[in-house]
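Here the structure is laid out as structure tokens; the discussion comes afterwards.
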Amino acid sequence: MQPEQAVLTLTRPLDLHRTLLPLRHGGLDPAHRSTPDGAVWRATLLATGPTTMRLAQRDPLTIEVQAWGEGAAEAVTLAPGLLGEHDDVAGFDPPAGPVREAYRRTARVRLTRSGRVLESLVPCILEQRVITRTATDAWRWLLLAHGSPAPGPAPEGMRVPPSPEGWAAVPSWDFHRAGVDPRRARTVVAAARWSRRLEEAAGLEPTDALARLMLVPGVGPWTAAETAQRAFGDPDAVTVGDYHLPHQIGYALRGRRTDDAGMLELLEPYRGHRHRAVRHLLLSGAGREPRRGPRLAIEDHRRR
């Protein structure tokens, strides 16, 4: 099987792995793999069919893209968005301080845009109200059980996520075996049944796109924002309702923990790029608090 391929010359330097990292759900994600040669592999279901992508960085400005499967040509066409070529940093000029320093240190990381709404939404639904390991294990189990083998010379074990019809047909006992409670399972099935309307959200204005996502019963602000960040590359979609994030941003910008309201107040000067500011702060380690005693095991609770 001959791949569709292209060599892309980017407009500014790129950190390939950290740019695509938000699309990976756990270190054993069957749809996302990094190989020892430095390439990133993705298995995805596009409008034209399943595809496997291999992205390899020749130098900071050059990416080699290969794709196999029915959706290969579409995958190559969508690759610039995946690599952050549509990530517009115009207007993001933070003053001297933590955000500016964080951006300086991590400027090669861009905001990816997968364009695949359901594939971004389902793992976010699985992450509601549970620790990260529970969610990533569920994603892996469901893809191995209900996904399809990745086309082409993909690394062993890679799977294309199910189609909307496939997600809607997952039986309740398989969600249970994957560790997914009935509430989250119902939300996944509802999202699958709404998939056509959800995929249309990629062409809407950001506020309208978030509203469209939250029409799905069980999808609230947390899930919608996390999905918009990955599917649309929304630079302003702030994750509200996360257990840890307000503490991290409060520590990075004020030197002490805060809550959601305090976090939003601190991020207000970066409106239009609030998610961008958060991403670079976290990547730079600015929100990491020093340990002062025994570390408590705290569940990573998330709202809808």
Side-chain angles (χ1 to χ4, degrees), residues 1-25 29-92 103-120 150-155 158-161 199 201-203 206 209 227-237 273 275-276 279-280 283:
M1 180 186 297
Q2 291 299 312
E4 294 280 341
Q5 51 192 341
V7 176
L8 302 182
T9 301
L10 306 177
T11 56
R12 62 185 193 274
L14 175 75
D15 182 329
L16 174 66
H17 284 265
R18 290 202 291 178
T19 294
L20 297 182
L21 189 59
L23 303 181
R24 188 188 78 179
H25 301 283
D29 185 345
H32 190 108
R33 191 75 53 84
S34 297
T35 48
D37 62 358
V40 176
W41 294 76
R42 273 182 50 77
T44 183
L45 181 63
L46 301 177
T48 51
T51 188
T52 301
M53 299 182 70
R54 178 183 183 273
L55 301 110
Q57 189 154 19
R58 293 183 180 177
D59 58 58
L61 289 171
T62 309
I63 304 292
E64 179 184 277
V65 181
Q66 296 173 292
W68 296 263
E70 295 173 19
E74 183 183 5
V76 172
T77 300
L78 295 175
L82 198 68
L83 298 170
E85 277 291 274
H86 305 319
D87 179 24
D88 186 1
V89 297
F92 184 64
Y103 183 63
R104 183 191 67 80
R105 292 170 56 189
T106 60
R108 292 189 178 189
V109 180
R110 305 188 193 179
L111 300 183
T112 186
R113 180 188 301 182
S114 74
R116 308 309 300 153
V117 180
L118 189 64
E119 283 184 15
S120 298
M158 289 197 72
R159 293 289 185 273
V160 176
E199 299 299 339
T227 302
Q229 292 162 12
R230 293 162 173 79
F232 314 140
D234 187 336
D236 197 50
H273 295 274
H275 168 56
R276 188 187 310 283
R279 179 126 170 80
H280 288 286
L283 285 170

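Predicted, not measured: the structure shown is a model, and the values here were computed from it.
- Panel note: side chain Q57, backbone D15; no donor-acceptor pair is recorded below 3.5 Å.
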Quick one: do E4 and T51 satisfy side-chain contact (heavy atoms from CB on, under 4.5 Å)? Show the steps, please.
CA-CA 10 Å; E4 294 280 341; T51 188; over 6 Å; no
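- Looking only at distances, no side-chain donor or acceptor of R54 sits under 3.5 Å from a matching main-chain atom of A39.
- Annotation: side chain of P13 is in contact with side chain of L61 (closest heavy-atom distance under 4.5 Å).
- Considering only heavy atoms from C-beta on, R279 stays 4.5 Å or farther from T106 through its side chain.
- Scanning all heavy atoms of the two residues, the minimum distance from A154 to T52 falls at CB-CG2, 3.8 Å.
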Should S114 and E119 be marked as a side chain to side chain donor-acceptor pair (under 3.5 Å) after you check the CA-CA gap, both sets of side-chain angles, and the distance that decides it?
CA-CA 9 Å; S114 74; E119 283 184 15; over 6 Å; no
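- Atom CZ of residue R230 and atom CG of residue L20 lie 12.5 Å apart, to the nearest 0.5 angstrom.
- Interatomic distance, Q66 CD to Q2 CD, rounded to the nearest 0.5 Å: 10.0 Å.
- The main-chain N or O of L118 is found under 3.5 Å from a side-chain atom of E199 such that the two form a donor-acceptor pair.
- In this pair, W68 and W41 present their aromatic rings parallel. The plane angle is below 30°, not in the 30 to 60° band.
- In this structure a side-chain-to-backbone donor-acceptor pair under 3.5 Å is present from Q229 to A237.
- By the 4.5 Å heavy-atom criterion applied to side chains, V160 and P151 are counted as neighbours.
- Among the candidates R110, R113, R12, the single residue satisfying the salt bridge (charged side-chain N to carboxylate O under 4.0 Å, His left out) test with D87 is R12.
- Here the OG1 atom belonging to T62 is positioned 10.5 Å from the CG atom belonging to L14, to the nearest 0.5 angstrom.
- Taking the six-membered ring where tryptophan is involved, the planes of F92 and Y103 are perpendicular, since the angle between them exceeds 60° and thus also 30°.
- Between F232 and V117, the closest side-chain pair of non-hydrogen atoms falls below 4.5 Å.
- The CG atom of L78 sits 8.0 Å away from the NE2 atom of H86 when rounded to the nearest 0.5 Å.
- Of all heavy-atom pairs between H275 and D234, the closest is CD2-O, 3.4 Å.
- Side chain of T112 to backbone of L82: a donor-acceptor contact under 3.5 angstrom is found.
- A donor-acceptor pair is defined here as one N or O able to donate and one able to accept, closer than 3.5 Å; no such pair exists between the side chain of H25 and the backbone of S120.
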Determine, step by step, whether L83 and T19 satisfy the side-chain contact (heavy atoms from CB on, under 4.5 Å) criterion, reporting the C-alpha distance in whole Å, the side-chain angles of both residues, the deciding distance to 0.1 Å, and the verdict.
CA-CA 7 Å; L83 298 170; T19 294; 5.9 Å; no
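- With rounding to the nearest 0.5 angstrom, the NE2 atom of H32 is 6.5 Å from the CG atom of L21.
- Of the candidates V109, L55, V40, H17 forms a side-chain contact (heavy atoms from CB on, under 4.5 Å) with just one, namely V40.
- Atoms CZ and CG, on R58 and L8 in that order, are 10.0 Å from each other to the nearest 0.5 Å.
- Here the closest non-hydrogen pair linking E74 and T48 is OE1-OG1, 2.6 Å.
- Counting all heavy atoms, side chain and backbone alike, Q5 lies closest to V76 at N-CG2, 4.3 Å.
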